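These notes are about the structure you will find just below.
Values reported hereafter were calculated over all heavy atoms of this structure, with side chains retained and with hydrogens, waters and symmetry mates removed. Values in this document were obtained by computation on a predicted structure and should not be read as measured data. Sequential numbering from 1 along the given sequence is applied to the chain's residues.
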Amino acid sequence: MSSDQSAVEAGAPNQKWTSDRPADSGFNTSQTDEAPVPSKGRRFGSMESDNATLVAEVDTHYAAQLKPSRVSGKWLTYMVTFVAGTGFTLFGYDQGVLSSLLTLPSFEAQFPQTANAFADSHRAALQSFMVAIYELGCMAGALSNLWVGDRLGRRHTISLGGIIMIIGAILQTAAVDYAMMLVARVITGVGNGLLTSTVPAYQSECAKPHRRGQLVLIEGSLITFGIMMSYWIDLGFYFTTGSISWRFPIAFQILLALIMIVFMYAFKLPESPRWLAAKGKYAESLAVLAALENTSVDDKKVIATFNGICDAIAAESQGGFGFKELLYNGPTQNLRRTLLGVVAQCFQQICGINLITYYLTSVLTDLGLGPEMSRIISGVNGTCYFLTSIGALFVIERIGRRPLMFWMAVAQAITMAVLAGLYDIAKQQNKAAQVISVLCLFLFNTWFSIGWLGITWLYPAEVTPLRIRAPANALSTASNWIFNFMVVMATAPMFANIGWGTYCLFAVVNGIIICPCVWFFFPETKKYSLEEIDVVFALGHRENKSPVWFSLRPEEIPPAGSREAEHILGKSGPAHPDMSEKAERGHRGMSRIIKEEKGKPTSQHNEFAAKKV
């Protein structure tokens with residue numbers, strides 16, 4: 001008996017492949033020496049015990065002919081990472097570019113409302129509002145992704161965000177007064193909100209489990225690369241005269257947005273395979289998975305990944321999606337997982353990093369350093385920030401997410417406490433106190449870049465289930481921006497009114513709030529596939545234990561797509577079909593277009609790709 005017939009009979013004993021199917025149903029009903037085989041190839045996913053409907057019915061012959069991208073294998077991974085990384089470089093550049101411009105004479109002349117802000121509460125509020133209103137735009141963009149993201153798909157949403165950022169950057173560059181700059185920064189923020197709420201999910205859904213953390217952390221490092229670039233460009237144009245000293249640094253971000261959009265479509269990068277499967281485009285999803293692995297669509301590893309995706313979709317797609325599902329806390333633990341992403345992004349912002357990113361030149365000037373030296377130190381600080389963020393790439397999959405977040409928060413608390421203690425002494429022109437304070441600003445960036453910079457963009461994309469991933473990531477990114485706004489808006493007035501208490505507050509937040517929450521509530525996601533993380537939460541719900549406990553015991557977690565995993569997820573059914581076995585046995589489907597070479601199927605992406613996703 002063929003594996004097709006076995007799969008159908010095991011899940012639906014009263015339904016077989018017979019000639020009573022309509023003639024145009026796409027199935028070959030002629031008899032063979034074994035059993036009728038559907039001409040559309042294999043059917044994937046598990047069958048419900050009381051239902052004969054399978055998750056995916058895939059035309060494998062069609063899937064094998066698809067060419068999702070102009071590149072495949074590691075080059076496809078590199079290009080997805082490059083485009084995603086360019087988006088985050090743009091994000092970082094836009095965050096850091098105003099830092100040195102705020103105290104620039106030509107900028108203060110154009111926007112006198114913001115001049116000498118740290119010495120006056122009113123001007124401090126106006127300057128903070130100019131900087132922080134960008135975050136409100138980002139939050140609006142992230143929230144709009146609740147409706148836009150799943151409709152347009154990952155890559156088109158990224159491109160839309162880039163186009164909106166170009167429009168906003170043009171308006172910022174042309175700004176002639178305070179009001180125009182405010183409007184321009186809101187528009188730029190909307191584009192960046194769309195971008196940053198989509199890029200981590202796109203990267204995570206295209207990455208291999210054992211490389212996912214490193215690839216997303218590369219994006220985090222590129223945020224710091226963008227910040228570093230903005231500091232040095234600001235320094236270079238500090239020595240020019242006229243408005244070009246601030247207009248050109250702002251306009252430069254247009255180039256980054258254009259690079260991101262052009263490369264996305266020039267290489268025809270594919271849509272996320274998980275988004276495609278969720279939209280019922282199973283053949284396209286299978287083709288993208290094969291392209292990412294640089295192999296054929298009947299490869300066992302590709303099929304195992306696809307089966308896991310189908311199981312996750314089946315467990316999550318009962319009925320139409322409603323936003324109230326984000327509040328559901330049953331076996332899928334939607335509420336808990338959404339809150340984890342929201343809180344992770346919140347912690348990234350309230351730890352104190354924006355005090356440095358947005359106001360470093362002003363902070364250094366406040367410590368008694370001259371304008372030129374403040375800008376030079378800002379550039380060096382940005383360079384060290386970027387270099388130390390690279391270190392996280394080498395430890396993320398070794399140490400894990402939880403330990404890095406916890407111990408770096410401890411180090412951040414200590415650093416902020418030292419800055420608080422030295423604040424008044426440094427303002428009295430004590431050179432030793434100034435040197436130690438500058439060193440602490442460098443150290444804080446180091447701890448943050450290793451433990452919080454990239455991980456909090458990776459973690460929400462990992463921890464949320466596929467069905468709610470786009471809206472949950474939009475909420476977590478909105479959390480990032482609303483708390484970013486809160487911190488940026490409050491920083492200048494806090495320095496103007498409470499001085500050293502600013503640093504003291506951030507020390508308390510890191511030590512008393514962030515550390516305990518990470519320790520008790522954040523599960524480890526290291527080296528789990530996205531579908532296995534679903535199993536971790538479902539197992540915790542079934543056993544009435546914290547998912548943190550199970551996440552630290554990988555031996556307790558069955559592989560995604562296995563019988564045990566299906567049972568934990570609330571499904572039952574036969575083992576998944578082996579398409580590579582079908583190809584070897586000469587059935588319809590892959591054997592018709594996959595050529596054998598020394599017993600192994602060859603990759604179809606260059607030889608058989610006549611159609612495009």
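- Across S551 and P523, no two heavy atoms sit closer than the pair OG-CA, 3.5 Å.
- The backbone N or O of P270 lies less than 3.5 Å from no partner atom in the side chain of R155, so there is not a single donor-acceptor pair.
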Take F521 and W549 through the test ring pair (Phe, Tyr, Trp, His ring centres under 6.0 Å) and record every step on the way to the result. CA-CA 10 Å; F521 300 112; W549 190 89; over 10 Å; no

L98 and Y358: side chain to side chain contact (heavy atoms under 4.5 Å, CB included), yes or no, with the steps? CA-CA 7 Å; L98 277 189; Y358 288 94; 5.9 Å; no

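- S449 and S389 are not linked by any side-chain donor-acceptor pair at a separation below 3.5 angstrom, with hydrogens and angles left out of the test.
- When each of N381, T224, T357 is paired with N445, the side-chain hydrogen bond (donor to acceptor under 3.5 Å, both in side chains) condition holds for N381 and for no other.
- Residue W519 qualifies as open at atom CH2: its count of foreign heavy atoms under 6.0 Å is 12 or below.
- R336 approaches S546 most closely through the heavy-atom pair NH2-OG, 3.6 Å.
- Evaluation of the salt bridge (charged side-chain N to carboxylate O under 4.0 Å, His left out) rule for R185 yields no partner, not counting sequence neighbours.
- Ring to ring, W452 and F444 are not that close: their centroids are 6.0 angstrom or more apart.
- Between M264 and V83, the shortest heavy-atom distance links the atoms CE-CG1, 3.6 Å.
- In this structure, F406 places its CZ atom where more than 12 heavy-atom neighbours from other residues, nucleotides or ligands lie under 6.0 Å away.
- Side-chain contact between F537 and L340 is present, with at least one heavy-atom pair separated by less than 4.5 Å.
- Across all their heavy atoms, G87 and M260 have their closest contact at CA-SD, 3.6 Å.
- Counting heavy atoms from C-beta outward, T464 and Q333 have side chains that stay 4.5 Å or more apart.
- Looking only at side-chain heavy atoms (C-beta outward), F495 and D366 come within less than 4.5 Å of each other.
- Between W500 and A420, the shortest heavy-atom distance links the atoms CB-O, 3.5 Å.
- For the pair R402 (side chain) and F522 (backbone), a donor-acceptor distance under 3.5 Å is present.
- In terms of heavy atoms, A344 sits closest to T456 at O-CG2, 3.4 Å.
- Heavy atoms of other residues, nucleotides or ligands lying less than 6.0 angstrom from CZ of R553 number more than 12.
- Between the Q348 side chain and the L453 main chain, a donor and an acceptor come within less than 3.5 Å of each other.
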List the steps and the verdict of side chain to side chain contact (heavy atoms under 4.5 Å, CB included) for M228 and Y385. CA-CA 8 Å; M228 175 193 74; Y385 191 18; over 6 Å; no

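- Under a 4.0 Å N-O distance rule, the pair R154/E205 qualifies as a salt bridge.
- By the 4.5 Å heavy-atom criterion applied to side chains, I533 and R337 are counted as neighbours.
- In K281, the NZ atom is not crowded: 12 or fewer heavy atoms of neighbouring residues, nucleotides or ligands sit closer than 6.0 Å.
- Counted by atom type alone, N354 and T491 present zero donor-acceptor pairs between their side chains at under 3.5 Å.
- Although no hydrogens or angles enter the test, the distance criterion places no donor-acceptor pair under 3.5 Å between the side chain of S99 and the main chain of G96.
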Which is it for N484 and Q95 under the side chain to side chain contact (heavy atoms under 4.5 Å, CB included) test, yes or no, and what are the steps along the way? CA-CA 11 Å; N484 195 325; Q95 274 193 310; 3.7 Å; yes

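- In this structure, the side chain of T388 engages the main chain of C384 through a donor-acceptor pair within 3.5 Å.
- With no hydrogens or angles considered, a side-chain donor-acceptor pair links Y134 and N192 at under 3.5 Å.
- A cation-pi contact, defined as under 6.0 Å to the ring centre and within 45° of the axis, is absent between R401 and Y459.
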Please report the C-alpha distance between T361 and S378 in whole Å, then the side-chain angles of each, then the deciding distance to 0.1 Å, and finally whether the side-chain hydrogen bond (donor to acceptor under 3.5 Å, both in side chains) criterion is met. CA-CA 6 Å; T361 303; S378 294; 3.2 Å; yes

Could you walk me through whether I187 and M165 pass the side chain to side chain contact (heavy atoms under 4.5 Å, CB included) test, one step at a time? CA-CA 7 Å; I187 294 172; M165 287 196 75; over 6 Å; no

